[in-house]
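Notes follow once the structure below has been shown.
Chain naming here is simple, since letters A, B, ... match the order of the sequence lines and numbering starts at 1 in each.
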2 protein chains.
Amino acid sequence: MKPLRADAVRNRERIADIARQLFREKGYDAVSMDEVAKSAGVGVGTLYRHFPTKEALYDAAIQAWVETVTAAADTALAGDGAPRDRLLAWFESYVEFLTRHKGAAWRITSALGDEGSPFAAKCRTYLNANQRVIDALAAEGALRGDVDAMQLCRLVGGVAAVVDNSELEPAAANAMLAVVADGVLAS
Amino acid sequence: MKPLRADAVRNRERIADIARQLFREKGYDAVSMDEVAKSAGVGVGTLYRHFPTKEALYDAAIQAWVETVTAAADTALAGDGAPRDRLLAWFESYVEFLTRHKGAAWRITSALGDEGSPFAAKCRTYLNANQRVIDALAAEGALRGDVDAMQLCRLVGGVAAVVDNSELEPAAANAMLAVVADGVLAS
DNA sequence: ACCTGAACACCGTTCAAGT
DNA sequence: ACCTGAACACCGTTCAAGT
């Protein structure tokens, strides 16, 4: 963890910023490393000095919004509605997070359980947030006993991936989330 | 629909056969068009003469097993178990179909609703099969009113894509399918 | 230390030249 | 009609050369 030179820090941040904008507008596949380098005004080599692969760069580019996901779980749970409503509120904000960058939902959901993935840290954050939700609702006896965080991450992540890919309306997304919620709540 | 010359027919079939084997062993991304051409003993140009894109070749390679999917729906429904068991039987065989070729589940599920996709015909087949299941179970009053075939295809296809990608055990797959089933059945 | 950009290996796809 | 395979455009990634 040695400190970076000031110019290197500046480069690293500008690269991540530019990459965030480009990935957000166009999606992962439609952005090339050359394009990021040119937009950031650096050589490709500098990209690879700071980020060993394109996926690592992507991970850095979408870092900021992941850090608020745990807070989002608490917000969703804080309401005084029925368990079903609070669970749906969480699902919807989870999907909203995952679809904020095109291509992220599938990429991150695919990385669940893969410790070697560049997204491993994000997966842990998501698993924790879902565990939080499960604990809270289970304490009220609202959930079936055999639901676990990994399963929820995969189910909701799968819905998010489909929603993202097919650019579905929120109504279609919510209908699918309602199915998952009803399948997970005690009947 | 003019008839092909005998040698062209032979080439087309051998290409599709070889491609099926290669795709099945390695998955879509890990097989290059050059590899298919070389394995089939033809030039790349011949590949493109018969199949305009790699996706079209893939579509042809995985054709055979799709044609039995409607029969599988009827088989699953034919049992005399509870609606939940028959629905699960269908889900499980649906996932088994979609995961038979690595990478197919996500590719096909992504193509749902896209008429221009090379997989459009397969999507229609899948939608029909799911509609068949919905009709049969709805006639018994076992389903919620607002379930439609597209939604089921997306939900179960999403599960299949995750199962395929993470190479999950059948037990994990079935647990997720149970959630979807319970979310879709009348409570 | 850090940066640059030509070069590499590998894609999917095209097309002029052959039979 | 059909086939061949060199060539093209475009990737992600590397590395020798510069400051």
Side-chain angles (χ1 to χ4, degrees), chain A residues 1-20 22-23 25-62 102-104 107 110-111 116-119, chain B residues 1-20 22-23 25-62 102-104 107 110-111 116-119:
Chain A
M1 279 290 130
K2 59 177 158 357
L4 292 170
R5 244 166 52 175
D7 55 342
V9 173
R10 234 177 303 124
N11 267 339
R12 193 180 204 285
E13 282 174 5
R14 191 167 66 257
I15 290 169
D17 272 356
I18 295 280
R20 176 163 35 247
L22 290 174
F23 282 136
E25 285 166 24
K26 309 190 171 194
Y28 184 86
D29 287 330
V31 176
S32 73
M33 294 299 264
D34 268 317
E35 186 182 356
V36 175
K38 201 148 290 180
S39 301
V42 298
V44 242
T46 304
L47 241 66
Y48 282 91
R49 156 166 280 268
H50 289 294
F51 308 98
T53 63
K54 187 181 181 184
E55 290 218 316
L57 171 61
Y58 192 63
D59 183 65
I62 65 180
K102 213 167 168 14
R107 225 162 276 277
S110 293
S117 161
F119 305 117
Chain B
M1 282 286 130
K2 58 178 158 351
L4 293 169
R5 244 164 54 174
D7 53 344
V9 173
R10 235 177 304 124
N11 268 338
R12 192 180 206 283
E13 283 174 4
R14 191 169 65 258
I15 290 169
D17 272 356
I18 295 279
R20 175 162 37 248
L22 290 174
F23 282 134
E25 285 166 24
K26 310 190 171 194
Y28 184 87
D29 287 331
V31 176
S32 72
M33 295 297 265
D34 268 316
E35 185 181 357
V36 175
K38 200 148 288 180
S39 301
V42 298
V44 243
T46 305
L47 242 66
Y48 282 90
R49 156 166 280 271
H50 289 294
F51 308 98
T53 63
K54 188 181 181 183
E55 289 220 314
L57 170 61
Y58 192 63
D59 184 66
I62 66 180
K102 213 166 168 13
R107 225 161 274 278
S110 292
S117 161
F119 305 118

message: Rounded to whole Å, please give me the gap between CZ in B:Phe51 and C1' in D:dC3.
response: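 Answer to the nearest Å: 15 Å.
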field: Whole-Å distance separating the CD1 atom of A:Ile15 from the C1' atom of C:dT4
entry: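 Answer to the nearest Å: 12 Å.
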query: Any side-chain N or O of B:His50 less than 4.0 Å from the OP1 or OP2 oxygen of D:dC2?
result: no
Do you know the tightest heavy-atom contact between [X] and [Y]?
{"X": "B:Asn11", "Y": "B:His50", "answer": "CB-NE2, 4.0 Å"}
{"X": "B:Ala56", "Y": "B:Phe51", "answer": "O-CD2, 4.1 Å"}
{"X": "B:Ala104", "Y": "B:Ile62", "answer": "CB-CD1, 4.5 Å"}

message: Run the ring-ring contact (aromatic ring centres under 6.0 Å, His included) test against B:Tyr58 and tell me which residues pass, sequence neighbours left out.
response: B:Phe23, B:Tyr28
- request: Mark up nucleotides 6-19 of chain C, 5' to 3', with B wherever a protein heavy atom is under 4.0 angstrom from a base atom, S wherever such an atom reaches only the sugar-phosphate, and - elsewhere.
  value: B----SSBBB----
task: With sequence neighbours left out, write down each residue that passes side chain to side chain contact (heavy atoms under 4.5 Å, CB included) with A:Asp34, or none if nothing qualifies.
output: A:Ser32, A:Val44
- line: side chain to side chain contact (heavy atoms under 4.5 Å, CB included) filter on B:Ala111, not counting sequence neighbours, yields B:Ser117, B:Phe119, B:Cys123
Lys/Arg-Asp/Glu bridge criterion (N-O < 4.0 Å) met for B:Asp17, B:Arg20: yes
task: Anything below 3.5 Å on both distances counts as a pair; with that, list the stems of at least three consecutive Watson-Crick or G-U pairs involving DNA chain C.
output: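 Expected stems, ordered by start: C:4-8 with D:12-16, C:12-16 with D:4-8.
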Atom pairs and distances, donor-acceptor, side-chain atoms in residues 35-43 of chain B, under 3.5 Å, two or more places apart:
| residue | atom | partner | partner atom | Å |
| --- | --- | --- | --- | --- |
| B:Glu35 | OE2 | B:Lys26 | NZ | 2.7 |
| B:Ser39 | OG | B:Glu35 | O | 2.8 |

